[in-house]
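Take a look at the structure set out below.
Letters A, B, ... mirror the listed sequences (proteins, then strands); counts begin at 1. Just so you know, these numbers come straight off a predicted model, no measurement behind them.
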Amino acid sequence: MTYTLTTPLYYVNDRPHLGSTYTTIACDALARYQRLNNGSVVFVTGVDEHGQKIQRTAEQKQISPQEHCDSISSTYRDLWKSWGISDDRFVRTTDPRHLQLVQQFYERVKASGDIVSGRQTGWYCVGCEEYKDDPADAESPTCSIHQKPLEWRDEENLFFRLSRYQAEIEALVAQDDFIAPASRRQEVRNFVAQGLRDFSISRVNVSWGLPVPDHPGHTFYVWFDALLGYLTALLDDGGSTDLDRLDQCGWPASVHVIGKDILRFHAVFWPAMLLSAGLPLPKKVFGHGFLTREGQKMGKSLGNVLDPEILLERCGTDAVRWYLLRDIQFGDDGDFQQQRFIDLVNNDLANTIGNLLNRTSSMARKWFDDAVPSAGAAASPDFPLAQRASQATTTVSDAMETLSFKTASEAILQLAIAANGHLNDTAPWSRMKQPGEEAAVAEDLYAVLEATRLVGLLLAPLLPDLSARILEQLGQPPAGPDWRDRLVWGGLTSGSELPKPSPVMQRLELDEPL
RNA sequence: GUCAGAGUAGCUCAGCUGGUUAGAGCACAGGAUUCAUAACCCUGAGGUCGGGAGUUCAAGUCUCCCCUCUGACACCA
C-alpha cells in the first residue's frame with residue numbers, strides 16, 4: 001500500500017517563509033519514516049500559481065505572471081533541495097498537464113450536475129481573493145486584513161453545488177480519524193452543521209488562471225484548481241493525465257498536511273469536490289499550528305520574519321529541524337525563541353547525543369583496539385539498556401504514525417540520556433584501572449555503543465543528516481530500507497573497527513539575533 | 001455577539017475516565033566525576049494548579065458563576 005502525503009501547494013505570491021518550511025520539514029520527517037517503515041511512499045509538494053493576487057504582484061514588478069511564477073517557484077524548489085527535503089513530486093499549477101486535469105475534473109463535476117451559474121455581487125478584496133460581507137451600500141469599504149480598498153464586483157460566476165453534499169460531509173467530519181489534531185474537529189463540525197452553501201468556482205476578469213471550458217472569459221477560481229494539483233502531481237509518474245488512473249498512482253492520500261488556516265478547504269470543500277467527481281476521499285487532514293517569534297506574530301510590518309535561507313545557512317538543517325520537531329507539539333502553535341533554540345540544539349544534539357557518541361567511541365578505541373568490544377551479557381535483550389532501547393523504538397514508531405514528532409524526539413533523547421547515565425553509573429574509566437574488570441567494561445561499552453547506534457537509527461526520519469553522521473562513526477551505513485530490521489538490539493558486530501571520532505554536531509553560537 | 005479551546009514552577013508544557021507529599025524539559029543553585037564537544041551524572045530550590053462557590057470521604061481533574069487570552073463564524077494556500 002502506497003503512503004501518500006502532501007504539503008499544501010504554496011502560493012507563490014511571495015518568497016517562501018518559515019511557515020511553509022516548517023510544514024515541509026514535518027512532512028519530510030513523516031515521508032522518511034513511512035519510507036523506512038513501509039517502502040512505498042509518494043510525497044507531494046508544489047506551488048499554486050494562479051489568481052489575481054499573483055497577476056497584480058507581477059504587474060507591480062513589471063514582469064509577466066509566468067515570469068513571476070517561474071522565479072518564485074524555483075526559489076521554493078531550490079530551498080527544498082537545500083533543506084534536503086525528500087519530495088517525490090513537485091507540482092506546478094501552471095504545468096500544462098494540470099490544465100488538462102482540471103478541465104477533465106470539471107467535466108466530471110459538471111456531468112454530476114454540480115455546476116450551476118449564478119450571480120455574485122459584493123465587495124471584493126483582491127488580497128484575500130474573496131468577497132467580504134460589507135453591505136452593498138457601504139461607502140468605500142476597506143479590507144480589515146489588508147487595509148486596502150475593496151472593489152465592487154458584479155459577476156456571473158459558476159457555482160459548485162456544495163449544498164448537495166451536506167449529509168456526506170457531515171458524516172465525514174464526524175469521523176474521529178479524519179480531522180487531526182482532535183482540537184480542531186469541533187470547529188469544522190460546527191461549520192458544517194450551519195449548513196453548506198454553494199461556492200463559486202470561476203472568475204471573470206481574471207486572466208491569470210485556467211480557462212473554464214465552454215465559458216469564454218471565465219477562469220477557474222484559484223482554490224478549485226489548486227486542490228486539484230494534488231491529483232496532477234500523482235498522475236505525473238510518467239503516465240497519462242487521466243483521472244481513471246488515480247487509484248494506481250497513490251490516490252487517495254493518506255494525509256494532507258496543512259496549516260490550520262486552510263483546514264476547511266481540505267476537510268469540507270475538497271471532499272465534496274471529490275465526491276462529485278466520483279473519486280475516493282483522503283484518509284486524513286492534519287491542520288498544524290502557526291509559528292510566532294519571541295511571542296510575536298511574524299510579519300513584514302514588524303520586520304521580524306525569520307528567513308529560512310539565513311536560518312539554514314547559519315544554523316544548519318539538523319539544528320532547525322530538531323528545534324521545530326522536538327519542541328513544538330505538531331498541531332499546536334509554536335514560538336521560535338532564539339535562546340531556547342540554541343539551548344536545545346546544544347544540550348540535546350551536541351552535548352547529550354553527540355558527546356555520548358564521542359566519549360563512548362573514544363573509550364572503546366582506547367581500550368579495545370579501535371574496535372567494538374565483546375558484547376558478552378550486553379548482547380541479551382534483557383540488558384537494562386536494551387530494554388530502554390526497545391521502549392524507545394516502540395514509542396518512536398507509535399508517535400511517528402500520529403505525527404507526534406515531539407514525542408518521538410523526546411523518546412530518542414531519553415535513550416541517549418539513559419546511555420549517558422549507564423556510563424556514569426558503571427564508570428568504565430575507573431574500572432579499567434582495576435584488574436579483571438575488562439570483560440565487564442567491554443559489556444558496558446558495547447551496550448552504550450549499541451544504544452547510540454539505535455539513537456542514530458531512530459533519528460533517521462527526523463534528522464537524516466545527523467543520523468548518517470552518527471552511524472558513520474559507528475562504522476554503519478546510513479538508514480535504508482532495512483531500517484526495521486536494524487532496529488533490533490545487538491546489531492553491532494564485536495571486533496568491527498570504530499573510526500576515529502570527531503564531533504557530529506557543533507554547538508551553535510549566535511551572538512546576534514537571526 | 002454565538003460557538004470552541006485554553007489559563008499548572010521564571011519560560012514552554014505533561015497531568016487519561018476525580019484518590020498517596022502536583023510532574024518533565026530549559027533556565028537557576030549545589031555536589032560528584034574526568035572517558036568525552038568546559039561535555040556527562042546526581043541533588044536541590046521554585047507552584048494557595050486564573051478567581052469564587054458547590055458536589056464528594058477525596059478535585060488541578062466534576063458542576064455553576066466571574067475574569068483573561070486564543071481560534072472559528074464561507075469562499076483567508
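If you take atom P in B:rC64 and the same atom in B:rC3, they sit 13 Å apart, rounded to whole Å. Here the separation of B:rG47 from B:rG10, taken at their C1' atoms, is 11 Å to the nearest Å. Using P as the reference atom, B:rA27 and B:rG19 are 32 Å apart when rounded to the nearest Å. B:rG54 and B:rC16 are spaced 25 Å apart, taking the P atom of each and rounding to whole Å. Separating the P atom of B:rG15 from that of B:rC57 is a span of 29 Å, rounded to the nearest Å. Between B:rC66 and B:rC28, the distance separating the two C1' atoms is 36 Å to the nearest Å. The gap from the C1' atom of B:rC75 to that of B:rG23 amounts to 45 Å, rounded to the nearest Å. Comparing B:rU34 with B:rA29, their C1' atoms sit 22 Å apart, to the nearest whole Å.
A:Trp223 and A:Phe265 have parallel rings, their planes meeting at less than 30° on a 0 to 90° scale where 60° marks the start of perpendicular.
Using a 4.0 Å cut-off between charged side-chain N and carboxylate O, A:Arg469 and A:Glu472 make no salt bridge. For the pair A:Asp70 and A:Arg77, the salt-bridge criterion is not met [side-chain N within less than 4.0 Å of a carboxylate O].
Under the ring pair (Phe, Tyr, Trp, His ring centres under 6.0 Å) criterion, no residue pair touches residues 423-442 of chain A, with sequence neighbours excluded.
Formation of a donor-acceptor pair under 3.5 Å by the A:Asp198 side chain with backbone atoms of A:Ser163 is found in this model.
Between A:His266 atom NE2 and B:rC75 atom C1' there is a gap of 14 Å when expressed in whole angstrom units. Atom CG of A:Leu158 and atom C1' of B:rC75 are 15 Å apart (whole Å). Atom OH of A:Tyr323 is separated from atom P of B:rC26 by 14 Å (rounded to the nearest Å). Remark: C1' of B:rG71 and CG of A:Asp261 are 12 Å apart, rounded to the nearest angstrom. Nucleotide B:rG25 holds its C1' atom 12 Å from the CH2 atom of A:Trp322, rounded to whole Å. Rounding to whole angstrom units, CZ of residue A:Phe199 and P of B:rC73 are separated by 15 Å. At whole-Å resolution of the value, CG in A:Leu413 and C1' in B:rC26 are 12 Å apart.
Among the protein residues, A:Gly195 comes within range of the nucleic acid bases, having at least one heavy atom under 4.0 Å from a base atom. Among the heavy atoms of the strands, none lies under 4.0 Å from A:Phe160. Residue A:Arg264 is in sugar-phosphate contact alone, with no base atom involved, counting any heavy-atom pair closer than 4.0 Å across all strands shown. Counting non-hydrogen atoms under 4.0 angstrom, A:Arg431 reaches nothing in the nucleic acid.
With sequence neighbours left out, the side-chain hydrogen bond (donor to acceptor under 3.5 Å, both in side chains) criterion links A:Arg15 to A:Glu309. For A:Asp176, the salt bridge (charged side-chain N to carboxylate O under 4.0 Å, His left out) test picks out A:Arg185, A:Arg189, with sequence neighbours left out. For the side-chain hydrogen bond (donor to acceptor under 3.5 Å, both in side chains) test, residues two or more places apart in sequence or in another chain that qualify with A:Thr402 are A:Ser404. Every residue two or more places apart in sequence or in another chain that forms a side chain to side chain contact (heavy atoms under 4.5 Å, CB included) with A:Ser276 is listed here: A:Val109, A:Ser112, A:Asp114, A:Phe160, A:Tyr165. Partners of A:His288 by ring pair (Phe, Tyr, Trp, His ring centres under 6.0 Å), not counting sequence neighbours, listed by chain and number: A:Tyr22, A:Phe330. Every side-chain hydrogen bond (donor to acceptor under 3.5 Å, both in side chains) that A:Asp335 has, sequence neighbours left out, goes to A:Thr292. Partners of A:Arg431 according to the side chain to side chain contact (heavy atoms under 4.5 Å, CB included) rule, which considers only residues two or more places apart in sequence or in another chain, are A:Thr426, A:Glu437, A:Ala440, A:Val441, A:Asp444.
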Show me the dot-bracket string of RNA chain B, counting Watson-Crick or G-U pairs under 3.5 Å, with | for pairs to another strand and [ ] for crossing ones.
(((((((..((((.....[...)))).((((.........)))).....(((((..]....))))))))))))....
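The aromatic ring centroids of A:Tyr230 and A:His266 lie less than 6.0 Å from each other.
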For nucleotides 32-42 of chain B, just jot down a letter per nucleotide in 5' to 3' order: B, S or -, based on protein non-hydrogen atoms under 4.0 Å.
-SSBBBSSBS-
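A donor and an acceptor atom, one from each side chain of A:Ser361 and A:Gln473, are nowhere located under 3.5 Å apart. A side-chain N or O of A:Asp348 and one of A:Trp322 form a donor-acceptor pair less than 3.5 Å apart.
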Detail all sub-3.5 Å separations between protein N/O atoms and N/O atoms belonging to nucleotides 1-7 of chain B.
unit_1	atom_1	unit_2	atom_2	d
B:rC3	O2'	A:Asn190	ND2	2.8

Look for any protein N or O under 3.5 Å of an N or O in nucleotides 11-16 of chain B and output each such pair with its distance, or none.
none

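The 12-atom threshold is not exceeded at CD of A:Glu438, counting heavy atoms of other residues, nucleotides or ligands nearer than 6.0 Å.
You'll find a donor-acceptor pair under 3.5 Å spanning the side chain of A:Arg197 and the base of B:rA74, going by distance alone.
Sequence order on RNA chain B of the closest nucleotides to A:Val12 and A:Leu162 puts A:Leu162 first from the 5' end. Of the two residues contacting RNA chain B, namely A:Leu196 and A:Arg326, the nearest-nucleotide position lying further toward the 5' end is that of A:Arg326.
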